[in-house]
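Each chain gets a letter, A, B and so on, in the order the sequences are listed, and its residues count up from 1. Note that this is a predicted model, so its numbers are computed, not measured.
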Amino acid sequence: MREYPAAEDLLGAVARFLKEEAAPNLPPRESFDARVAANAVEMVRRQIMAGAEREAERARLEALLGREGDLDDLTADLAAKVREGEMDLTTPGLADHLWRTTMDKLAVDQPRFAPYRRARAAEA
Amino acid sequence: MSAATGAAGAAPADASPERTLEGALARLAPRLGAGATGVADLVRLSGGASQETWAFRLTGPEPRDLILRRRPDQARPGKEDLPLATEAAMIRLAAARGVPEPRVLHVLSPEEGAGEGFVMTRVEGETIGPKILKAPELESAREKFAPQCGRILAAIHAIEPGDIALETRTAESTLKKMVDDHAEFGQDRPVFELALRWLRENMPETPPLRLCHGDFRLGNLMMDETGVNAVLDWEGCHIGDPHADLAWLCVGSWRFGGEQPVGGMGPREELWEAYEAAGGGWVDRHAARWWEVAGNLRWGVIIEWMGGWIRAGADASVERHVIARRASEIELLLLADLTGREI
């Protein structure tokens, strides 16, 4: 049983404090940095909440590469195979895997990035 | 708004280096304006990761607002730096060709004690991409942005740099540098590998090489109601393929939410046609596409360099950490392009 409030709740509270209380009460430069810091905290919060997507990414990589492994190791292997020309966009499942993985990354890193939002809207 | 104003606005610097700089500039004042007696209101402006930009006021019978560009102290691994005296010389050459530029008043010498850099006039306008795309007063400037940039780039590419020493960059050397930098500073990214392979397999013809600005994009272009009124940040200028400048302006990360390719504001054809009409030379559409893919990837690799600055301890700021996480946006842009998705 996880303790409440969970990690994502704590981070949400920190982000809210930085944005709504600290930023308005700081000089311009520090206020800007406080809002950037709030964005960083929110990014971490989204990453913690995206555990299921990371597991799905690993499962897709295992299927593509036909072996087991951890996410970093499998990604390095896929990058090497693309670099060597052993796999490319004609490889069954590769384009779909990369698209899904990239969209999941953007959901964590920059959900407000306009091309990401347009791509999401096109998928819906 | 002023030259090189970033999102954070003015920032108080450490008191002692600021006073040292203020003293050096005060001694320099008579050389910056006839009858000038000193300087006041020295503030560091944010924006510009590898250069410092300061604003100050020249005091005396004819007060005026000036800008100092100078090199910061911290080393930034992975970033090739042009001497600021060269940047000043390029601004003067570009101005002589009719490119909108501030006026360079003085290039610093080491014995003047103000560091390496130069002093120029302060041009008023907007440099922040999202504001340029939204400000109601810039609407007509936005409509003519793409053709105006075509004409400006044609003028820049006609500059003869004479005996100024500049690096030469070709498609081959650009590709090799990206491969090397990605390997040194980056992490495993299958999408980057796909883009690198596409670039290797689709090399463009090499046209006559010209003087290129090297960082011609929103953020380095100041705008007012009349359009682009200053081309800033010449630190990337080099001898190279003119398509590199035409394409860099269209890189997805510089569109700031706008759907049009040229700085988020206009179609590529308007840029190319104005460039050709202004004597810039024929735009090879395949080369333009190659350099746009290369430009997207180059920004991705620069983001990976920033991760290198963080690892090297050269930049501990939260802002740099957050920007260093933006390589995924490049993966999205590259993958959409390579798989034929419009986003």
Under 4.5 Å from any heavy atom of chain A - which part of B/Arg197: side chain
Roughly how far, to the nearest 0.5 Å, is CD of B/Glu331 from CH2 of A/Trp99? 12.0 Å
Applying a strict 4.5 Å limit to non-hydrogen atoms, the region of B/Leu196 in contact with chain A is neither
Can we say A/Arg29 and B/Glu319 salt-bridge, meaning some charged N sits less than 4.0 Å from an Asp/Glu carboxylate O? yes
So do B/Gln187 and A/Thr75 actually touch side chain to side chain, heavy atoms under 4.5 Å? no
Positions in residues 260-271 of chain B that reach chain A, provided some heavy atom is under 4.5 Å away: none
Considering residues, nucleotides and ligands other than A/Glu86, do more than 12 of their heavy atoms fall under 6.0 Å from its CD? yes
Examine whether an atom of A/Tyr116 lies under 4.5 Å from a heavy atom of chain B, and if so say whether it belongs to the side chain, the backbone or both; otherwise answer neither. both
Going by ring pair (Phe, Tyr, Trp, His ring centres under 6.0 Å), name the residues that satisfy it together with B/Trp299, two or more places apart in sequence or in a different chain. B/Trp254
Atom CG in B/Leu194, atom CG in A/Leu98: separation rounded to 0.5 Å? 6.0 Å
So do A/Gln47 and B/Arg325 actually touch side chain to side chain, heavy atoms under 4.5 Å? yes
Please check if atom CD in A/Glu123 has more than 12 non-hydrogen atoms from other residues, nucleotides or ligands closer than 6.0 Å. yes
Got more than 12 heavy atoms from elsewhere within 6.0 Å of CD, A/Glu3? no
Answer yes or no: are there more than 12 heavy-atom neighbours, outside A/Arg120 itself, under 6.0 Å from its atom CZ? no
Heavy-atom pair of closest approach, residues A/Ala114 and B/Gly257: CB-CA, 3.5 Å
Measure from the side-chain N and O atoms of B/Arg189 to the backbone N and O of A/Ala79, and report whether any donor-acceptor pair falls under 3.5 Å. no
Tell me which of these, A/Leu106, A/Leu78, A/Val108, has more heavy-atom pairs under 4.5 Å with chain B than the rest. A/Leu106
Would you check if A/Thr102 and B/Ser328 make a side-chain contact, meaning some heavy-atom pair closer than 4.5 Å? no
Based on non-hydrogen pairs under 4.5 Å, which of A/Asp77, A/Val82, A/Asn39 is most in contact with chain B? A/Val82
Give the member of A/Ala37, A/Ala80, A/Ala76, A/Ala121 that has the highest number of heavy-atom pairs under 4.5 Å with chain B. A/Ala76
Rounded to the nearest 0.5 Å, how far does CZ of A/Arg118 lie from CD of B/Glu259? 4.5 Å
Salt bridge (charged side-chain N to carboxylate O under 4.0 Å, His left out) involving B/Arg326 - partner list, sequence neighbours excluded: B/Glu329
What part of A/Ala122 lies closer than 4.5 angstrom to a heavy atom of chain B: side chain, backbone, both or neither? neither
With a strict 4.5 Å heavy-atom criterion, list every residue of residues 332-343 of chain B that contacts chain A, or say none. B/Leu332, B/Leu333, B/Leu335, B/Ala336, B/Leu338, B/Thr339, B/Arg341, B/Ile343
